[in-house]
Amino acid sequence: MKVKMKKKMKKEWPAAAVAGALLISVIIGWCLQNTPSAADLFAPLGVIYVNLIKMIMVPLVFTSLILGIASTADLKKIGKMGIGTIIIFLFTTAAAVITGLIVSNLFQPGLGIAAGSGVYEVNEFPGIQDILTGIFPSNMIDPLLNADMLQIIFMAVIVGLAFVKVFSKENKGNKEIGKTLYRCIEDLYEIMIVITNGVMSLTPIGILGLMIPAVAQNGLDVLLPLGKMIFVFYLAVVIHIGIVYCVSLQCLSRVSVKEFFLGMLPAQVVAFVTCSSAAALPVSMRRTQEKLKVSKEVSGFVLPLGATVNMDGNALYQGIAALFIAQAYGIELSLWMQLVIVLTGTFASIGAAGIPGAGMVVLSTVLMSVGLPVDGIALIAGIDRILDMGRTLTNVTGDAVAACVIENQMHPAAERRTARNES
């Protein structure tokens, strides 16, 4: 009994440490609101932690995506996985915008807010031509150096498909072609997993460095005037996760809701405190493979793609923010205009992959699509960090849900039972 207890405590310790660090960070940050310089002393811990995650992110994504595609010998299977993933992303993104609009219409967070005369400048949303051409790199080095995730995913897909072609029956006479390189990529992936485990063990320290300055800087003076907006946004997050994601898990996957959230908790916390889907990607991949039993080929394909193009949290934010700004300016939006917000928010959120400050860029596009003043973004710029934490948490959770659904689609329960019986 004692041995079992020890094993259980060791297994649950990381999650307990993460939760404890989050609570301690909030308490310390709250106490240091009047002395932000003291809170900033913790900031280097957060910077180091995020830099370490960024260090492992590119090689981990690149190798895992190549191996995921290369291990799927059937090109039709790869196509099926890709189409299924895009359909899920589009569905959950549209559902997120609709959820945001419904909650905003019910609670009207913008009423009573003075619109003021603030001006907020955002980058121009790129055209479709720029987005498409931006996917294709001019060389294979720059995307890796600049961490351009769209181009990295494109290169990994091309290399993975090349391996599938080389290992196909058509080239059975040249059995050794590509195997040395493939083994090198496998070895690099395994090494990156070991390094990832080491970096993830530093998560409680990283949380202290990221959360304490954030809590100290966003005190009551910032939060209280826009408290209703924050409440409405996080209520929408809970509703979207509780309905769209939980129903998807229950109906379209083999993973129970309880099993999912227990397995993904560390990844969700990392996403919440770093405000970066890419930063949470290494731990998301590890948790989905180890705890949710998602295969390497599915997690290696769906999660990197989702971290780049699946922005449910941003889409949720677009609907709420658009109505908040309309209400603050006293502008009534018709049902047709809200439908335009749904369509624009859905496709712009996916199309904005890789754009710096994508949340604000997409929001400006949504506002312009229905004639709302872009300067209204200045009203919520002060709480963007608080909202960004919830956006990223939703994004990462949605990616993991999609991976579980695609896993069930690609490897049905009956197929797995047959494989186990044959072995």
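Keep in mind the model is a prediction, meaning the values are calculated, not measured.
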Criterion side chain to side chain contact (heavy atoms under 4.5 Å, CB included) on H411 and S295, from CA distance to verdict: CA-CA 9 Å; H411 305 111; S295 64; 3.4 Å; yes
Worked check of side chain to side chain contact (heavy atoms under 4.5 Å, CB included) between R286 and I193: CA-CA 8 Å; R286 190 183 67 163; I193 289 296; 5.5 Å; no
Stepwise side chain to side chain contact (heavy atoms under 4.5 Å, CB included) check, L333 with I341: CA-CA 10 Å; L333 295 180; I341 290 175; 3.8 Å; yes
Side chain to side chain contact (heavy atoms under 4.5 Å, CB included) between Y189 and I185, worked out: CA-CA 6 Å; Y189 173 78; I185 294 175; 5.6 Å; no
Please tabulate, for side-chain N and O atoms in residues 95-113, each donor-acceptor pair with protein atoms closer than 3.5 Å (sequence neighbours left out).
from : atom 1 : to   : atom 2 : distance (Å)
T99  : OG1    : A95  : O      : 2.8
S104 : OG     : G100 : O      : 3.0
N105 : ND2    : L101 : O      : 2.9
N105 : ND2    : Q338 : OE1    : 2.9

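No donor-acceptor pair closer than 3.5 Å links the side chain of R391 to the backbone N or O of N314. A distance-only check finds no donor-acceptor pair linking the side chain of T392 to the backbone of M389 [under 3.5 Å]. At least one donor-acceptor pair closer than 3.5 Å links the side chain of S64 to the backbone N or O of V61. Checking side-chain atoms of Q318 against main-chain N and O of L363 turns up a donor-acceptor pair under 3.5 Å.
Looking at heavy atoms from C-beta onward, F260 lies in side-chain contact with V401 at the 4.5 angstrom threshold. Looking at heavy atoms from C-beta onward, V302 lies out of side-chain contact with D399 at the 4.5 angstrom threshold. Using a 4.5 Å heavy-atom threshold, the side chains of Y234 and V238 count as separate. Residues Y49 and L52 form no side-chain contact, since every pair of their non-hydrogen atoms from C-beta on lies 4.5 Å or further apart. Counting only heavy atoms from C-beta outward, the side chains of L249 and S256 never approach each other to under 4.5 Å. Taking the side chain as every heavy atom from C-beta outward, F261 and C246 approach each other to under 4.5 Å. Here the side chains of M264 and T397 are not in contact, with every heavy-atom distance at 4.5 Å or above. Side-chain contact between V270 and V396: absent, with no pair of heavy atoms (C-beta onward) separated by less than 4.5 Å.
Between the CG atom of L208 and the CD1 atom of I212 there is a distance of 5.0 Å, given to the nearest 0.5 Å. In this structure, E332 CD and L323 CG are separated by 10.5 Å, a value rounded to the nearest 0.5 Å. With rounding to the nearest 0.5 angstrom, the CG atom of D388 is 10.5 Å from the CZ atom of F272. With rounding to the nearest 0.5 angstrom, the CG atom of N310 is 4.5 Å from the OG1 atom of T92. From T274, atom OG1 reaches atom CD1 of I207 across 9.5 Å, with rounding to the nearest 0.5 Å. Taking CG of L65 as the reference point, atom CE of M155 lies at 10.5 Å (rounded to 0.5 Å).
Nearest heavy atoms, V232 versus I320: O-CD1, 4.1 Å. Looking at every heavy atom in both residues, G84 comes nearest to Q409 through CA-OE1, 4.1 Å. Taking both residues in full, the closest heavy atoms of P282 and T196 are given as CB-CG2, 3.7 Å, listed atom of the first, atom of the second, then distance. The minimum heavy-atom distance linking G160 with I69 is given by the pair C-CG2, 3.6 Å. In terms of heavy-atom proximity, S277 sits nearest to A307 at CB-O, 4.0 Å. Shortest non-hydrogen contact noted between I331 and P373 is CD1-CD, 4.0 Å.
For the 3.5 Å distance criterion, the side chains of E407 and S253 fail to qualify, holding no donor opposite an acceptor.
With a 6.0 Å radius and a threshold of 12 heavy atoms from other residues, nucleotides or ligands, I141 has its CD1 atom at or below the threshold. Under a cut-off of 6.0 angstrom, the local environment of CG in N139 is crowded, with over 12 non-hydrogen atoms contributed by other residues, nucleotides or ligands.
The ring pair (Phe, Tyr, Trp, His ring centres under 6.0 Å) pairs that include a residue from residues 143-163 are F136-F154, F163-F167, F163-Y182, where partners are two or more places apart or lie in different chains.
Of the listed residues (T394, T93, N395), just one forms a side chain to side chain donor-acceptor pair (under 3.5 Å) with D312, and that residue is T93.
Residues satisfying the side-chain hydrogen bond (donor to acceptor under 3.5 Å, both in side chains) test with D187, not counting sequence neighbours, are none.
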